[in-house]
Every structure is written in structure tokens, then in C-alpha cells.
2 protein chains.
Amino acid sequence: MTSTIKDVAAHAGFSIATVSRAINAPHTVNPVTLARVREAIDALKFSPSPLGRQLRGERTRLIGVVLPTLANPVFAECLQGIDELASAQGFRLMLMTTQYDAQRERHAIETLRAQRVEGLILTVADADTHPLLDELDADGPLYVLMHNDTKRRPSVSVDNHQAAFDGVRTLITHGHRRILMLAGTLAASDRARQRHAGYAQAMRQAGLTPAPALEIDFNAAELAPSVLAHLTTGPQRPTALFCSNDLLAMVVMRGLRRARMRVPQDMSILGFDGLAVSELLAPPLASIGTPNGEIGRSAWQRLMARIGGEYSGPSLGLALPHTLREGGTIAAIASVAHAGSAQRARSSIAS
Amino acid sequence: MTSTIKDVAAHAGFSIATVSRAINAPHTVNPVTLARVREAIDALKFSPSPLGRQLRGERTRLIGVVLPTLANPVFAECLQGIDELASAQGFRLMLMTTQYDAQRERHAIETLRAQRVEGLILTVADADTHPLLDELDADGPLYVLMHNDTKRRPSVSVDNHQAAFDGVRTLITHGHRRILMLAGTLAASDRARQRHAGYAQAMRQAGLTPAPALEIDFNAAELAPSVLAHLTTGPQRPTALFCSNDLLAMVVMRGLRRARMRVPQDMSILGFDGLAVSELLAPPLASIGTPNGEIGRSAWQRLMARIGGEYSGPSLGLALPHTLREGGTIAAIASVAHAGSAQRARSSIAS
DNA sequence: ATGAAAGCGCTAACAA
DNA sequence: TTGTTAGCGCTTTCAT
């Protein structure tokens, strides 16, 4: 294994060039020679070092993947999709996570670039205004964005605006009028903004007034009391929450339950991501689903197309279809009106 | 960026050797020279190609990670832990997943080895009988196993036997006597066997008869009718289920609910993994927790120790402490006895 | 303190 | 068809 092409050449009694050819262009070498070389390769358990090839300026067969985090299954699922195709096609993946930090995004890209990856698949905080991406556009490597829904750069995503619009429409259709949007770590991201825009449009179109997104630190795993109060008290309290991702929705759901609010009777909840696990909740979380595995695979294919030079210039941003999973966390507004009965039910659950 | 050490040398007016020294051993070069070289480096935005270094036989600063899947957050969390330390220490991670397939395990290891990784962190299906690991011991890169609980090789895990024992003890303490163990894809893995052994020991110690683990394909996302029947009907039906992982537990929980079984009143459930998401269920899943991030970090540290030559021979298998998260899915057996009331409750929920 | 040169494993002209 | 040779970018003797 630690043997080199030289060893094989010596063992087989030919030059290293012949060995190289035997490996890379078998048809150009005499069958008998070929056989001998192969024998030697087997005997020495030789496998050509990618390093030599890579340095030689050949294709490195290395793809860099930059993700915010793996703690969110969304990205783990994307990565899974990428990995499927990558390993099937003999590429190696180099992974870096950024924790949504611009500094780390820069570092990751530079590291990967230094490693001479042939391409990059990335999810960044903000795709439109990212100077790094301009640099990549300028002198490579080629990249495809994932989950960054932008028209200006090659990307695979869903139409976040439309998806949020559809979801909020559904809430409105169920009779909700006081709908609040909750956003997590993504608050500063392009996705969050687009989702909020979709929410706002749906609200306005129904003659309702959109509110700014309420930012939640969902790593805290506990809902802040002030937030909870905001959600649960007062005559203007929302009857439905649109959460910018499922993890957040799950945390909120739990927080509400602890405050003796019933979901969906006292509060409807709509998530975003369509995580497999969130469907296992009781009731299953209603959520706008993004085809994560497919997004990963699709990003891979686009990247390969770009690398192969068959890049279709016109369609920069590819939006895959989103789905609307109607779980059990959306109630028609009628059932919310009866504060009295909700009250009763609540106390019956109490401790 | 695409500039080489040569360009820098030319630009600075020194030889490439001096540039190399300026980078790797600044103190050995004249301060004035150093300044000039650095200037050139900045001007050309030069960063040394890892490829050259790697080929030169230097350290590649590359670590391979081999995991069964990323669809299970357990591994995503481990990877997250690894990545934290790796990027902090300037290492690059090369990732491959195996889908629990021995063939792919082999392929992954060979690929990574060919890439000249300095070390390997892996989770394999069966650590004890794995011929590949013997090869690695012989002349592979150094490795550390993760979540493979074996005494024979360097590994970081929990004591699966003990953990399962503790968990099942708790079920028994709650009065359960007919406890069944359910296993998923891991059925063939060393972990699953150890967990089953722990289950069996706890059962026997309480004078109960352990049953073979019931194998469930939890990728199906639906419980097979035959399985469901097995769990829910007959006088010998179990009152508690010990699931070999949380994902499985979640699927089972949902399946039971659909069959109008209440958790925990009609069936207690104990999971394994302690996933963050499973705690967001209602009720929160009782689960034996493994410190995944910590396992990842710990595996990293052991690997670094081995690579650095400070390997502590004696303690091959490191078992991190597991936790027992007592969620809401375990009921004392008394409440199960009243089949009548359960029946009533069930029908009141019906459709 | 600096430079010249060899070589890591490999591929691709170019020769024979 | 096969061999010779020149690098790819870098580090590292060994000279100077």
C-alpha cells in the first residue's frame, strides 16, 4: 500500500511510464505487458497516490463542502445527498462548518481553495452581498450554493419567498389573522429575509398587518419568559406562529406546552424545513418541506455540470419545489376563540 | 492565489528556499529579507499549496472520518464535535459514509488511506471482527473508533452493555416485567449486541426471561402490521419497549399512537441515544443518553495523542459516561394493568 | 543568511 | 509499444 509506481515498475520490469499507462490508458500498452504490470500492482497492493496526480495538475477529484452546522438535520440531509453522488462518482469530500460565522466562512473557503478542490458546494449566511463569492466568480474554484436562494449566483434552493407565502396563506385560510413569524439563528440570513417577505406578502394580501420577525435564540433550548409572555398573553396575542425552521418550531412547541398552551387548540404552529423527525412529533408538525437530499444531489449535479463546462448560463438560481406538510399543528381559528374551554382543558392537564 | 512559491521568490528577489524558510522558520532568515518576502507574499496573495507539502512527505494535516450515515443525528453530532477541534487545530476533514455496508467501509478506508490521511476516525458495523482494522493496525494510518465499544482497539464510546443494563433496570424498577427490545439497522452491529446483552442481564437478574431483539426496519417509517400486532395484542404483549436507538423509538411511538395505544399509559418506551430532538417530543422520550459531541471531541483527542506518539497503551477502549434521561415515556406498571380504562381512553381518541 | 539542487509520486511530451 | 525526461509546489540537505 505504501508502495509507489516505482516499486511496481521495478517489480514488473518496466518503466514507470508504462505502469502509468497501464493504469490510465490500458489500451495503449501491450497486453502481455499489461498483464505483468497488473500482476505487480496486485502483488504490491499498489494504488496510485492521489497526491502525485493532484500535484501534477491533474484533477484533484476533491470537492469542498461548507455548511453552517451539522446540528441542524437540514444540512446533514443535504450533505448526505451530496455524499451519495460524490462517492458514487469517485470524488472525495472535504467538509468544513462555519456556525453561521462570516469569519469562518472566509477561512473555510480559503482553506479549501488552497487544497485545490475542484469545486465548492456552500451554504453561506448571505449570498447576495458576499465578497468571497465574487472572488470565487473571479478566479474559482467553481461553486454552487445550496439553500441560498439568490438569482445572482449558481444555486439550488427552494423559492423561500413563495414557500413562506404558501404556508402563511394556509394559516390565513384556516382563519388566523394574528400570525407572528419567529426566526432563529438565521435571522441575519438571506433565507430568513425571503421567508419573512413571503410572510409579509401573504399577510398584506389578506389585508393583515405583518409584524417584524421575532428573533429567538433556539440554542438556549428554553423559551425566554419575555418571549413566552409575548406569545401567550394579551388580547393581541397571536393565534398562529410561523417558525423559520423546524428546530425552532419544536422548541417553541415545547415551551408553549410547558406554559399549558395546547397545540394546536390554543396556538397553531407552522414550521419550515419538513424535517423527518418533526413529523414524529405528536401532533406531527405542520411544515413547509424542502427536499434536502434532493437539494444536495442537485447541487452536486450542477457543480459537475459547471466543472464539465456544460454550464447552462441562463438559469442561475434553481428553485426546487417545496411541499406543504399539513401536520396536526394547525387548527382552524374557530377552536381558538373559546378561551374558556381552552382554559378548562388546560387546567385538567395541569401537573 | 494561484501563485506559487516561485512567483513569490521572483517578486521578492530571493530564492524559493528562502521564501520557504521565511514561511516555515522565520527566525532563520534575515529580518529585512523576511520583511521583503512577506511583502511579496501579501502582494501576490500567496498561500502555500498543501499539495506540495503533502507530497513532499510532510504531514498532510488530513484526517479521514468514516460514518455509517448522517441521517442519524447521533453521527452528525459526533462529526460536529470532531469538526470543532479539527478546524481549531488546522486540520482538514475528509468525510465518507458507509450506510452500514461493509463493502463501503472497505472502500472508504482505502480511499482515505490512498489520500494519505494522517489519521482516521471511524464508526464501523463490527469492530471486533473487522479485518480492515487489523490491516490498519499493521500499517494503516492511525485510527480511533467512535461508538464502537470494544476492548480490543482504540475507541471512544459508552459502555453499551452497562447503559442498556441501567436503562432496563429502570423499566423493571417501574414494575415492568414483559420488556421487549427492538433493534434497527444496527441489528448486526457490535453496539446492538452489547445493548442486547445488557438488556438480557438486567432481565435475568430480575428473574425475567429476556427475548431476542425484534428487528425493525425503521427506514420504512411505518411499522409493519405484523410487528404492531406483536406489540399490541395478546396477554403476553410487552408493557415496555427498549429501543436500540431514538429514531427507532420515535417511529415506534408514532406507530403505537396510530394504533390507539397511549404512551406511556399503554406502553412505556425507552430509547437509546438521547437525541436532542427526541426530548422535544410530547411526552419527551426517555432515553439513555450518549454524549455525542463529547465522543467526537474525545475521539479526536485520542487520535491526536496517538499521532503525537503519546499514546497511552493500556486503556484501549475509553467509555464515556452515559446518562439516563427520564422523559415522560415511562409509566409505572400499575397504570397499565387496567386494560378496561385504557380501552375506554383509546376509543375516545378514535378518529 | 542565502542559494542550488534533489526528490516526494505522478503524468505527459517527446524519443526511440 | 516502451523508455527518458521534465516538471507540478514544496521542503530540506548541502554548499556557499
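Worth saying up front: this structure is predicted, and the values here are computed from it rather than measured.
The distance from atom CD1 of Ile23(A) to atom C1' of dT11(C) is 11 Å, rounded to the nearest whole Å. Distance CD1 (Ile16(A)) to C1' (dA12(C)): 11 Å, rounded to an integer number of Å. For Gln54(A) and dC10(C), the CD to P distance is 11 Å, given to the nearest whole Å.
Base contact: Ser20(B) has a heavy atom under 4.0 Å from a base atom.
Tyr143(B) carries Arg306(B) over the face of its six-membered ring, with the cationic atom under 6.0 Å from the centre and within 45° of the normal.
Of the candidate nucleotides dC10(C), dC10(D), dT11(C), dC10(C) has the atom nearest to the side chain of Thr4(A). Nearest nucleotide to the side chain of Arg21(A), out of dT4(D), dT11(C), dA5(C): dT4(D). Out of dG3(C), dT11(C), dC10(D), the shortest distance to the side chain of Ala17(B) is found at dG3(C). Looking at the side chain of Arg53(B), the nearest of the listed nucleotides dA1(C), dC10(D), dT11(C) is dC10(D).
In this structure, Ile5(A) and Thr28(B) both approach DNA chain C, and ranking their closest nucleotides by distance from the 5' end singles out Thr28(B). When the nearest nucleotides of DNA chain C are assigned to Thr33(B) and Leu55(B) by heavy-atom distance, the more 5′-ward of the two goes with Thr33(B).
For Ser15(A) and dG3(D), the shortest distance from a side-chain N or O to OP1 or OP2 is below 4.0 Å. Considering only side-chain N and O atoms, Lys6(A) lies nowhere under 4.0 angstrom from the phosphate OP1 or OP2 of dC10(C). Regarding contacts with the backbone of dG3(C), a side-chain N or O of Thr18(B) is found under 4.0 angstrom from either OP1 or OP2.
Residue Arg153(A) is tested with Asp190(A), Asp126(A), Asp134(A) for a salt bridge (Lys or Arg N to Asp or Glu O under 4.0 Å); the sole match is Asp134(A).
Residue Arg56(B) places no side-chain atom within donor-acceptor reach of the base of dG9(C), judged by atom type and a 3.5 Å distance cut-off alone. Residue side chain Arg116(A) does not reach the base of dG9(D) through any donor-acceptor N/O pair under 3.5 Å, judged by distance alone.
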**Report entry** Residue pair Lys151(A), Asp128(A): steps toward the side chain to side chain contact (heavy atoms under 4.5 Å, CB included) verdict
**Finding:** CA-CA 8 Å; Lys151(A) 302 283 162 264; Asp128(A) 280 329; over 6 Å; no

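Side-chain atoms of Ser155(B) and Asn148(B) include no donor-acceptor pair closer than 3.5 Å.
Arg104(B) places a side-chain N or O within 3.5 Å of a backbone atom of Thr97(B) that can act as its donor or acceptor partner.
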